[in-house]
Amino acid sequence: MFEARLAQGTLLKKVLEAIKDLLNEATWDCNENGMSLQAMDSSHVSLVSLTLNAEGFEPYRCDRNCSLGINLASMSKIFKCASNEDSITIKAGDEGDTITYVFESPNGDKVSDYEMKLMDIETDHLGIPDTTYSCVVKLPAAEFQRICRDLSQIGESVTICCTKDGVRFSASGDLGSGNIKLAQNANVDKEDEAVTIEMQEACTLTFALRYLNFFCKATPLSPQVTLSMSNEVPLVVEYKIGEMGHVRYYLAPKIED
Amino acid sequence: GTKQMSLTNFFKKK
């Protein structure tokens, strides 16, 4: 028996919005520690790794480890039926081939339940090595979203160049080119508005904006986003999910032919 | 030009 209730159901709604355009389907792995998901997009260029810790749910019950194969577009459709104020409970029986979602209004006057079929999904889990990255940039998530959106007007790729002075995002295409430079500003009054750079070694990497724009669907989850980079390895884009977990996106770089 | 790498070039299947 698996049962997990999140009082702040809107977080789960946002999590679904953050992954459903990148992944058609995915397996949620549930154990006593919480729920997690790892899946690559169909072209194997990017990967989503999502963790929701058991402590974030009340109650959380997982009698035995289970893998729930879920069509994420269907799950997202059903979650749109929950109000932002509702709690969301996810339930799955031990041998069932369905999952049930229960949405409850804050005063308990309205309770909705939706049942959905589970899927058999063949998944390849990738081993992600522990890496110390040359550059770790933290910036406001809305700012990163804006940069990706703006540079998509100019070209298909963005080159991110990180030095101790700041980080520069550049794109070029048929109409010309554009550069956006952000300086480090850890001293702003509001922590959420800070741009901070931890750098061991400068790095320059090029990525497809199409995928970064998919990642930016996670912007409503967190005021800040963390970009971790080293030359010639995949980029990590991380958003915290409140106090209960994170969604990490990995993106393979584009390399000069 | 640039070539899009695959993630499987970097991460091995478990």
Side-chain angles (χ1 to χ4, degrees), chain A residues 22-23 27 29 36 38-49 67 122-131 133 155-160 170-174 204-212 215 228-237 248-257, chain B:
Chain A
L22 201 54
L23 307 173
T27 301
D29 295 308
S36 65
Q38 193 206 76
M40 279 192 285
D41 74 278
S42 56
S43 56
H44 292 191
V45 169
S46 69
L47 177 143
V48 179
S49 173
S67 295
E122 295 217 1
T123 41
D124 290 322
H125 272 71
L126 295 184
I128 300 169
D130 277 335
T131 307
Y133 289 92
E156 291 180 356
S157 306
V158 59
T159 298
I160 307 177
S170 310
S172 61
D174 294 340
T204 302
L205 286 148
T206 299
F207 300 101
L209 280 162
R210 171 183 152 76
Y211 290 93
L212 295 177
F215 303 169
S228 301
M229 292 170 284
S230 292
N231 282 323
E232 295 179 6
V233 304
L235 162 76
V236 191
V237 180
R248 281 187 197 133
Y249 302 93
Y250 294 83
L251 178 59
K254 292 176 111 177
I255 304 258
E256 286 294 328
D257 259 342
Chain B
T2 53
K3 184 177 79 173
Q4 176 65 61
M5 301 297 283
S6 166
L7 264 191
T8 50
N9 295 128
F10 302 95
F11 301 152
K12 296 282 167 268
K13 286 179 185 174
K14 270 191 198 167

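Residue numbering restarts at 1 for every chain, and letters A, B, ... go by the order of the sequence lines. Computed over heavy atoms, backbone and side chain alike; hydrogens, waters and symmetry mates excluded.
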Spacing of NZ belonging to B:Lys3 relative to OG1 belonging to A:Thr206, to within rounding of 0.5 Å: 14.5 Å

CD/B:Gln4 to CD1/A:Ile255 distance, rounded to the nearest 0.5 angstrom? 9.5 Å

For A:Glu156, look at atom CD and say whether over 12 heavy atoms of other residues, nucleotides or ligands are found less than 6.0 Å away. no

For A:Asp257, I'd like to know if atom CG has over 12 heavy atoms of other residues, nucleotides or ligands within 6.0 Å. yes

Against chain A, work out which of B:Thr2, B:Leu7, B:Asn9 has the most heavy-atom pairs shorter than 4.5 Å and name it. B:Leu7

Nearest heavy-atom neighbours spanning A:Ala252 and B:Ser6: CB-C, 3.8 Å

Min side-chain heavy-atom separation B:Lys14-A:Leu126 under 4.5 Å: no

Determine, stepwise, if the pair A:Tyr250 / B:Phe11 fulfils side chain to side chain contact (heavy atoms under 4.5 Å, CB included). CA-CA 10 Å; A:Tyr250 294 83; B:Phe11 301 152; 3.8 Å; yes

Engaged part of B:Lys12 at the chain A interface, taking heavy atoms whose separation is under 4.5 Å: backbone

